[in-house]
Amino acid sequence: MVSHGLHFSTMLTKPKSSLYYFHLLFSLKFSISSLHTATKGSIVLSSAKTRCRNSKFIVHCNTQITQHGRNGNIKEAESIFNRMPFKTTVSWTAMLTAYAENRNISKAREVFAKMPERTISSYNAMITAYNKNGCMVDEAYELFCNMSERDAVSYATMITGYVSKGRFDKALEIYESTPGEWREPVCSNVLINGYLKVGRLDMAIGIFEGMVRRDVVSLSLMVDGYCKSGRIMEARKLFDEMVERNVVTWTTMINGYLKMGYLIDGFGLFSMMRKEKGVLVNSTTLTIIFEACGHFDRYREGIQMHGLVLKSGFEFCVFLGNSIITMYCRFGCIGAANLVFDMMTRKDLVSWNSLIMGYVQENETEKAYELFEKMPRKDVVSWTTMIMGFSGEGQTDKAIELFTMMPEKDDVAWTVVISGFVSNEMYEEAFSWFTDMLQKSVKPNSLTLSSLLSASANSAILSNGQQIHAQAIKMCLELDLSIQNSLVSMYSKCGNVVDANQVFISIAEPNVVSFNTMIVGFAQNGFGEEALNLFGKMQSEGQEPNPITFLAVLSACTHVGLIEVGWEVFKSMKSLYNIEPGPDHYSCMVDLLGRAGLFDKAVDLIHSMPFDPHSGVWGALLGASMTHLRVDLAKLAAQQLIKLEPDSATPYVVLSNLYTILGKKKEGDKVRMDKKSKRIQKSPGCSWLIVKDKVHLFLSGDQSHKDSEEIRVTLRTIMKEMEEQACDLFNPDLTLVLDVFCGFSNVNKMPSPSLATVAFLKDASLNKKYDGYKNSGLALSFP
DNA sequence: GACTAAAATT
């Protein structure tokens, strides 16, 4: 009989069982009458018929029904089920489950009602169907109670149902009612899993310890539970004690290490796992490895692993492909990410979103948008990523357009639009959109408030910041660390160090960002001593400083002129803290030494740098040379700056001004001519001052303006009074303003809306209402 | 060896 089959297809290399013909009947849609191969055909047919009772046919169909159900092909599953000449209880149960998987509870119920006989498994399947439906746990429970006989799966399923609804009381009640003689690990496992998912490690431990028999799942669950609570040592102890460990156990432990940033342990365990007999790395393990490589910038390991995957012919599942795309995007290798994307036979939303995100991060918004338009289906993430892309490029109009078109807007989408305004310095829009968001009853999250606090800080409008602070308290977010850090930053940028410090000391567990922000706050407001004290305190509290801490401390030293201390701190970076000073640290030191007139030391330091000095270093030297009228060094610094940033006007302007001040008009003109011949444009210097909650903007403009001298005089008076009031004259903002308005700097031209400004400033200076510096902010920025 | 239940991932 089997040999006849060979006539059907020459592709058959070895005899197939009758299953083959049965499969053919369905998959090639051969109807019985269309089998016209006469004698041969009828033999096949009759044999198929007689073999229908053969369990192999039925098993095959049952498997097909299950698989189609899982893949969402409910029509296929139905068609096979309906055409089955003989059905077993398993077939009926498989069909029931297929309907349940596709959320068709009424059909599932129909099948359950119609089936000729029911086993415990059929009941179990129906309970699962109810559980999956969302709000039918009670129906499930009714069925469960009506069962004359139950097995471990019945109990496990019922517990899962209640656990997924968060009804742990009922779950526990059923768990405790499990017959003691066969309380299988799976019953405890589902409960442990439930407790761990809601973060109740204590309860999970309780159940775990009460277990008489534990299996590899119970232990793997507990390993995961300990890892996720940060108790990695206990997790490892449990892991080491395990007699049996499978892929999941290994993967869980590796994931635990990698998520906490313990790369050596994680990668080490991974190579141990690869050597372990009987355990095979799977796509989940690899997904975790790729994620860690991307997250911790392990380029070499990432590439190596990708090579290994390609070499071993490992099948790309969607998760794995997506994690590789994300990794390459993090490395900035968008081409490689694209290649992986193209290679993937199956792609999902995450694949598209990850690649779009990659292009957005590379500022290739157009490319991102092409993909966005091409993708078959879009979700909130796709829209939000695109909005972020356009905002990041300053195309706020396009961002808003997309936001308007977005079908459902969540808090994240609103936040992205708002923070887009903030990063584009459109503070008013940010606040007005925030009002809209509140009116639409969308609940802001901590990120929304953080970016609005940063808006308040950058626009130095304290009252807005205070309102956001109030909002945070109202929403019970005032204990959120990122909010607290933003508050510290906001208050200190608005010149309100007292409130900044108030917030800072209220932080229960300040992190390195909190300390850095407060140190910068002290430094920028002239409290150098306090900044240094806090630096000491942070260490006595066991908080490791990072490179940014040192920038803050060094700038504090610069502000209060603590040259020796600054020098010591700088030297200690490497020797005490094993932190290699970066370009910005060197700039800070050059600034510190240069301002003090210690040019030999400054130049020596530049020569001792282990890398080529960047523009910041030369800029600092140029600034200091200007202050101390050191033409020789200014020339050197300006030359270097021109080399590094040929389009920047600053070195030309500073140098020519210096020559002018020294009365060397000829040289000054020469520099100006040089600049002109290179067609370099200086972007206008800009300064602003807030008094009485109004922002007054000064742009450098026409030199010939008749009032410029008057404004300078007025400002000089203000500055003098500030000096008398012992305002911090080392504050860079303030010195810059002094420079600008007193004509000692690159901006020697005054703004046009002058008369009103002058009148206002006169009034302000006379009535001493310019406490804007302390309370509202006085700063200078070069756009 | 099919159906029902339990663990790790972008």
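Side-chain atoms are counted along with the backbone in the values below, which use heavy atoms only and exclude waters and symmetry mates. Labels below follow one simple rule: chain letters A, B, ... track the order of the sequence lines, proteins then strands, and each chain is numbered from 1.
Backbone-only contact: A:Thr252 has heavy atoms under 4.0 Å from sugar-phosphate atoms and none from a base. Within the 4.0 angstrom heavy-atom criterion, no nucleotide atom of any strand lies near A:Lys87. Within the nucleic acid shown, A:Val248 comes within 4.0 Å of at least one base atom, counting heavy atoms only. At the heavy-atom level, A:Asp215 lies under 4.0 Å from base atoms of the strands shown.
Side-chain nitrogen and oxygen atoms of A:Thr128 include at least one within less than 4.0 Å of the OP1 or OP2 phosphate oxygen of B:dA5. In this model, the phosphate group of B:dA7 is approached by a side-chain N or O of A:Asn193 to a distance below 4.0 Å at OP1 or OP2. Within the 4.0 Å cut-off from OP1 or OP2 of B:dT10, at least one side-chain nitrogen or oxygen of A:Lys259 is found.
Salt bridge A:Lys237/A:Glu234: absent, no basic N to carboxylate O contact under 4.0 Å. Salt bridge annotation for A:Glu370-A:Lys374: absent, with no cationic side-chain nitrogen under 4.0 angstrom from a carboxylate oxygen.
In this pair, A:Phe319 does not lay its aromatic ring on the base of B:dT9; centres under 5.5 Å and planes under 30 degrees do not both hold.
In this structure, A:Phe86 has its ring center no closer than 6.0 Å to that of A:Phe57. Within the 6.0 Å centre-distance limit, the rings of A:Trp92 and A:Phe81 are counted as a close aromatic pair.
Between the CG atom in A:Asn322 and the NZ atom in A:Lys347 there is a gap of 10.5 Å [rounded to 0.5 Å]. In this structure, the separation between CG on A:Leu191 and OH on A:Tyr155 is 14.5 Å, given to the nearest 0.5 Å.
Distances from the side chain of A:Thr63 to the nucleotides B:dA5, B:dT4, B:dA2 place B:dA2 closest. Comparing B:dA6, B:dT10, B:dC3 by their closest approach to the side chain of A:Val350 singles out B:dT10. Among the nucleotides B:dT9, B:dA7, B:dT4, the one closest to the side chain of A:Asn255 is B:dT9.
For A:Met115 and B:dT4, the CE to P distance is 12 Å, given to the nearest whole Å. Following rounding to the nearest Å, A:Leu201 (CG) and B:dA7 (C1') show an atom-to-atom distance of 15 Å. For the pair A:Ile207 CD1 and B:dA6 P, the computed distance is 17 Å after rounding to whole Å.
The base of B:dA8 lies close enough to the side chain of A:Asn282 for a donor and an acceptor atom to sit less than 3.5 Å apart.
For DNA chain B, the residues of residues 219-232 of chain A within the heavy-atom distance limit of 4.0 Å (strictly under) are A:Ser220, A:Leu221, A:Asp224, A:Lys228, sorted by number. Residues from residues 143-180 of chain A with heavy atoms under 4.0 angstrom of DNA chain B, sorted by number: A:Val153, A:Thr157, A:Thr160.
The two residues A:Thr93 and A:Ser122 have their closest heavy-atom pair at OG1-OG, 3.6 Å.
With respect to A:Trp250, the ring-ring contact (aromatic ring centres under 6.0 Å, His included) criterion is satisfied by exactly one of A:Tyr257, A:Phe270, A:Phe239: A:Phe239.
Aromatic ring orientation, A:Phe390 versus A:Tyr369: perpendicular (interplanar angle above 60°, classes split at 30° and 60°).
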